[in-house]
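What follows is a single structure, written as structure tokens, with notes after it.
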Number of protein chains: 2
Amino acid sequence: MPLPETEVPGALQTALVSRGIRMTRQRRIILEIIETATQHLDAAQILRKAARVDPNINRVTIYRTLGLLKRHGLVDELDLLHVKGEGHFYERRPQRDHMHMTCLRCGKVQEFESDLFDRVKGQVERDCHFHILLARFEIGGYCASCRK
Amino acid sequence: MPLPETEVPGALQTALVSRGIRMTRQRRIILEIIETATQHLDAAQILRKAARVDPNINRVTIYRTLGLLKRHGLVDELDLLHVKGEGHFYERRPQRDHMHMTCLRCGKVQEFESDLFDRVKGQVERDCHFHILLARFEIGGYCASCRK
DNA sequence: CTGCTTGACGCAAAGCGTTGCAACACCATT
DNA sequence: AATGGTGTTGCAACGCTTTGCGTCAAGCAG
Ligand SMILES: [Mn+2]
Ligand SMILES: [Mn+2]
Ligand SMILES: [Zn+2]
Ligand SMILES: [Zn+2]
């Protein structure tokens with residue numbers, strides 16, 4: 001999960017505060033972890049990283065903060081087709097949607113942006129009169145290194 | 001979830017037996033429920049329907065049978081972007097992939113097949129050298145009736 | 001049809017995410 | 001800087017899903 005180069009440090013915190021959301025010590029820790037992540041993290045990984053900064057942080061706070069970020073459209077929740085377990089993974093919502101390809105053998109996750117992907121969404125909006133707020137395109141299979 | 005008109009009764013059971021999977025009374029009940037479903041069912045709904053046929057059937061058996069069907073690529077597991085709760089929904093794997101559009105207001109789920117969707121997959125196979133076994137496209141937003 | 005092997009079932013317990021509630025701390029106001 | 005109202009936290013309890021294990025039955029061999 002390459003961080004967007006346009007990423008401003010503290011952008012998540014700024015976004016929340018500008019919406020009148022109260023900022024706490026725990027939230028700052030969690031936001032920082034998500035902003036500086038170099039891969040898709042699950043709740044347990046976020047908790048472990050947070051516990052290094054504040055050993056008293058509770059797992060409930062992790063879940064509630066992730067829920068908050070989801071509700072505000074600031075992070076997306078992925079299941080990567082449950083290839084890597086039953087849990088969910090989280091990433092900052094990007095400017096432009098991308099799809100995720102998860103390798104069933106090695107577990108590597110690739111990201112891919114595509115004009116065709118954007119065009120499918122346009123087609124749905126037009127043909128189905130459906131107003132899209134959220135789109136997820138996940139693929140499972142064998143990556144270039146693992147296919148024979 | 002419209003059942004494919006080409007559906008053969010007992011096709012799931014036939015598919016499992018032909019792979020050397022042992023058939024049990026409980027599995028027959030669960031397969032029948034999934035095959036005759038007219039909408040996406042979650043584990044609790046499947047258990048309730050199964051209990052009407054055999055009150056002694058255990059929920060663990062529901063989960064294990066769903067796992068079996070998933071592993072064999074006979075059913076797909078959807079989360080519908082968790083718009084309708086945290087659980088998962090199950091449907092027979094169709095001949096041709098379709099996407100799901102879930103309305104954030106009324107909860108209605110529409111299905112949609114699209115050539116563009118198929119073309120995105122072709123592009124991924126070609127450009128990323130990724131061999132696709134599984135693809136899921138889920139959309140959330142407002143349906144035609146709910147958008148203003 | 002009978003017996004045997006092996007996989008499947010049910011039960012109990014563990015795992016993981018959610019919810020209710022009382023104490024706390026953020027931050028706007030003074 | 002001190003105060004107060006209100007949203008947030010941690011803890012405990014709950015609910016849904018998974019896992020371990022002993023018993024049972026599907027279905028093949030004889
Ligand atoms: Mn991503
Ligand atoms: Mn999910
Ligand atoms: Zn791979
Ligand atoms: Zn609607």
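Sequence lines set the chain letters: A, B, ... in the order given, protein chains first and strands last, and positions in each chain run from 1.
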task: Determine whether the side chains of A/His88 and B/Glu86 contain a donor N or O and an acceptor N or O closer than 3.5 Å.
output: no
- prompt: How would you list, by chain and number, every residue that makes a side-chain contact (heavy atoms from CB on, under 4.5 Å) with A/Asn56, sequence neighbours excluded?
  reply: A/Asp54
message: Nearest to the side chain of B/Thr61, heavy atoms from C-beta on, is which of D/dT8, C/dG10, D/dA13?
response: C/dG10
- prompt: If you look at every strand shown and take non-hydrogen atoms under 4.0 Å, does A/Arg27 touch a base, only sugar-phosphate, or nothing?
  reply: sugar-phosphate
message: Heavy atoms from C-beta onward define the side chain here; which of C/dC11, C/dA8, C/dC26 lies closest to that of B/Asn58?
response: C/dC11
message: Cation-pi check for B/Tyr142 against B/Arg105: NZ or CZ below 6.0 Å from the six-membered ring centre and within 45 degrees of the axis, yes or no?
response: yes
- request: Can you figure out which of C/dC9, C/dT18, C/dC27 approaches the side chain of B/Glu86 most closely?
  value: C/dT18
- prompt: Starting at the 5' end of DNA chain D and moving along, which residue's nearest nucleotide shows up first, A/Val60 or A/Thr65?
  reply: A/Thr65
task: Nearest whole angstrom, please: distance from the P of D/dC16 to the NE2 of B/His82.
output: 15 Å
message: When you measure only distances, ignoring hydrogens and angles, does the side chain of B/Arg64 come within 3.5 Å of the base of C/dG7 through a donor and an acceptor?
response: no
- prompt: Is a salt bridge present between B/Arg96 and B/Asp115, judged by a nitrogen-to-oxygen distance below 4.0 Å?
  reply: yes
- prompt: From the list D/dT19, C/dC9, D/dG10, which nucleotide is the closest neighbour of the side chain of B/Gln26?
  reply: C/dC9
